[in-house]
Amino acid sequence: MSGIDMQYSVQVTDVEKHFKVYMDKGSTLKERVIFLQRNRYENRQILNGISFKIPKGQAVGLIGRNGCGKSTTLKLLTRILKPNSGTVDVEGRVSSLIELGAGFHPDMSGRENIYINATIFGLKKEEIDERLDEIIAFSELEEFIDNPVRTYSSGMYMRLAFAVAINVNADVLLIDEILAVGDVSFQKKCFQRLKEIKEQGTTIVIVSHSMEQLYSICDRLIWLEEGRIKEDGEPKLIAMHYLDSMEDERIAKLAEVSREKLADERGRSILELTQNVHPEARREGTHEVRFTKVDLYDGEGNPCQTFGTGDKVVLKFSYATDTEGIKVNFNMDFVKDNWQYCYGSCFAKPGDELPVLKKSGEVTFEIEKLMLLPGKYYLDIGINGEHGELYDNVRNIMQITVRDYVHNEFGPCTFEHDWKLV
Amino acid sequence: MRKDIVLMKERIRNIFSYSDMIGSLVKKELRGKYKGSVLGFLWTFINPLCQIIVYTIVFSVIVRNNLDKFYVYMIVGMIPWLFFDMSLRQGAGCIRYQGDMIKKIYFPREVLPIACVTSNFVNMLFCFVIVFAVLFISGIGVRIEALLFLPLVMAIEYFLSLGFALIVSAGTVYFKELEHIITVILMAWIYGTPIMYSMEFIPANIKWLFKANPMTSVIESYHKILYWKALPSGKELLYSAAFALVMMVIGGLIFARLDDNFAEEL
């Protein structure tokens, strides 16, 4: 047809899509005439000019928060929706695991419904004849295949529907969040089958929120945000960025909560310290020496609250005091979100000279390698006097997230280790 | 223009590649419809039969007319009319009520009205068992030369119905009221078609109006072939065939124009 490059099976170029969202749509004559003003609508922009190409045989995952345009993109690929501008070219037969069991008639047998369902997917009768045994075997419904579908349990129904959908031999397979079908063993089977399909050279585009599924199938992830492609590339990397951004957003939302919850005077004194205060934050002390600013940074000096195990972490804070020359000790702790104490450190160890302060100044605490295992941890910081006076102490000031990865260690911290069979 | 023709050709080819889907939908409609009811498939016959009996009593006993064996005349016209009537009635909703499928699976949307009209057509073919039974029992019998034209008339009616069904099925998606409007129009339309009376009763000054109705020539052709055992009039055949062709083209174009936004409207 058009000049589609043979090595690409999907080419999406500058696609833009918006929906008309009616305020209160009158779809009958009476309503249209009487409520003329109700026919107003707003254009909701879903896709804002996205372009990507998928080479033949590649498996691509689409990720992004709800409403970012993942499902719309998938529907554009199936030709259910048409783009408002731009072009979508898909080479070969497209099968979509978007709707399962389309056209099933409850009073007809499983076997008859296989034919109905498969022809809707565009299969010819002879093709279905060829695959019938395979489909029935896959569904594990051999004994029930001639019973009416209405006698099936919902699990059996979905198994039959899935068996048909996944046995449509397509050049391009589109999957939307439906791998949660049936029991665990059936899910495994579906996944196994999906891998086989991929090995046969089928191009796959999959929308899922399960990173585990995406890792094991996809060669590439595309991260959509507000109708644009935010990032596109190697699954591990994109997933990390995506999860980090979700985490940042969660932390920012928590900070929002904090601003409401910590509205009293004591609370406000915490909010001044840093951007993303945790709602559980508590401050106490005489404030003879007090914190004026607290922040966490990554190895490159960017403000950061999400780290990986082994990353560099920099804690930086400022203090102020009216008593110049006062001697204090600074300390910090990490406490896990189940209130397990994990780590603590102070500026000077017992017996050492304590630092002498100016009127104001800055202190940094650099962690070369963060040895905490994945999880969420609270940061506590404090300033104590020479004889143990509590000048300032902020507990749970902020939360840090150590991001998840595949590992063989458990508990709060990691060791450099090596297992060997001797 | 040339591009449009190429696109139209592409569409038609695409529809043909889904012919097995049309087949299985028709089968599902016919077999699934009465499954679970005691009399099952017999309802296909009982329904029109009862309707005809009622009309026959009303029009041959209460309202007088001078046609010999009037009930035969009526059955011959009524069964093809019911096909047309049901095609439009069901056709109007055939896309709207399949919203889930439209929103989630790609297939040429024309498949739905085609399957709807085709299943009603097959239904009519079954009902012709009644027509022939009545023809023989009443002693009218059949004439083979005339019968040869029957498939042609049926084909014309099929495409005429399909043309209308394409328009109303797509229209109803955007404008729900159309479904009810169609019902009202059909109710009036049957009286504008010579089914329960013969054309002789129509005053000469408004005869043209009845003749403009494409269903008049279709039903009159059925009457000629089966009731009068004569060859259908070429003029009527030509008129209805031309009308059917025009409706198919208009229907196809309107449908192609509207179907891009089905998934969004539903």
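The structure presented is a predicted model; accordingly, all values stated were derived computationally and were not measured. So you know, we letter chains A, B, ... as the sequences are listed, proteins then strands, and number each from 1.
- Contact tally against chain A (heavy-atom pairs below 4.5 Å) for Phe107(B), Tyr18(B), Phe262(B): the top residue is Tyr18(B).
- Ranking Pro108(B), Ala263(B), Ser24(B) against chain A, the residue ahead of the rest is Ser24(B), based on heavy-atom pairs under 4.5 Å.
- With hydrogens and angles ignored, the 3.5 Å screen pairs no side-chain donor or acceptor of Asp20(B) with any backbone N or O of Thr119(A).
- Both the backbone and the side chain of Ile80(A) come within contact range of chain B, judged by heavy atoms closer than 4.5 Å.
- Using a 4.5 Å cut-off on side-chain heavy atoms (C-beta onward), Ile120(A) and Ile105(B) make contact.
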Taking distance alone, no hydrogens or angles, what donor-acceptor pairs closer than 3.5 Å link side-chain atoms of residues 59-68 of chain A to residues at least two apart or in another chain?
unit_1: Arg65(A); atom_1: NH1; unit_2: Glu249(A); atom_2: OE1; d: 2.4
unit_1: Arg65(A); atom_1: NH1; unit_2: Glu249(A); atom_2: OE2; d: 2.6
unit_1: Arg65(A); atom_1: NH2; unit_2: Glu225(A); atom_2: OE1; d: 3.0
unit_1: Arg65(A); atom_1: NH2; unit_2: Glu249(A); atom_2: OE1; d: 3.1

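- The neighbour count for Lys211(B) NZ, taken as heavy atoms of other residues, nucleotides or ligands under 6.0 Å away, does not exceed 12.
- For Ile22(B), no part sits under 4.5 Å from any heavy atom of chain A, backbone or side chain.
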**Request:** Please report the C-alpha distance between Ser19(B) and Lys124(A) in whole Å, then the side-chain angles of each, then the deciding distance to 0.1 Å, and finally whether the side chain to side chain contact (heavy atoms under 4.5 Å, CB included) criterion is met.
**Result:** CA-CA 8 Å; Ser19(B) 55; Lys124(A) 296 255 160 251; 4.1 Å; yes
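- To the nearest 0.5 angstrom, His105(A) atom NE2 is 13.5 Å from Lys27(B) atom NZ.
- Residue Lys75(A) touches chain B through its side chain alone, counting heavy-atom pairs closer than 4.5 Å.
- Here Lys82(A) pairs with Asp260(B) in a salt bridge; the nearest charged N to carboxylate O distance falls below 4.0 Å.
- Residue Leu123(A) touches chain B through its backbone alone, counting heavy-atom pairs closer than 4.5 Å.
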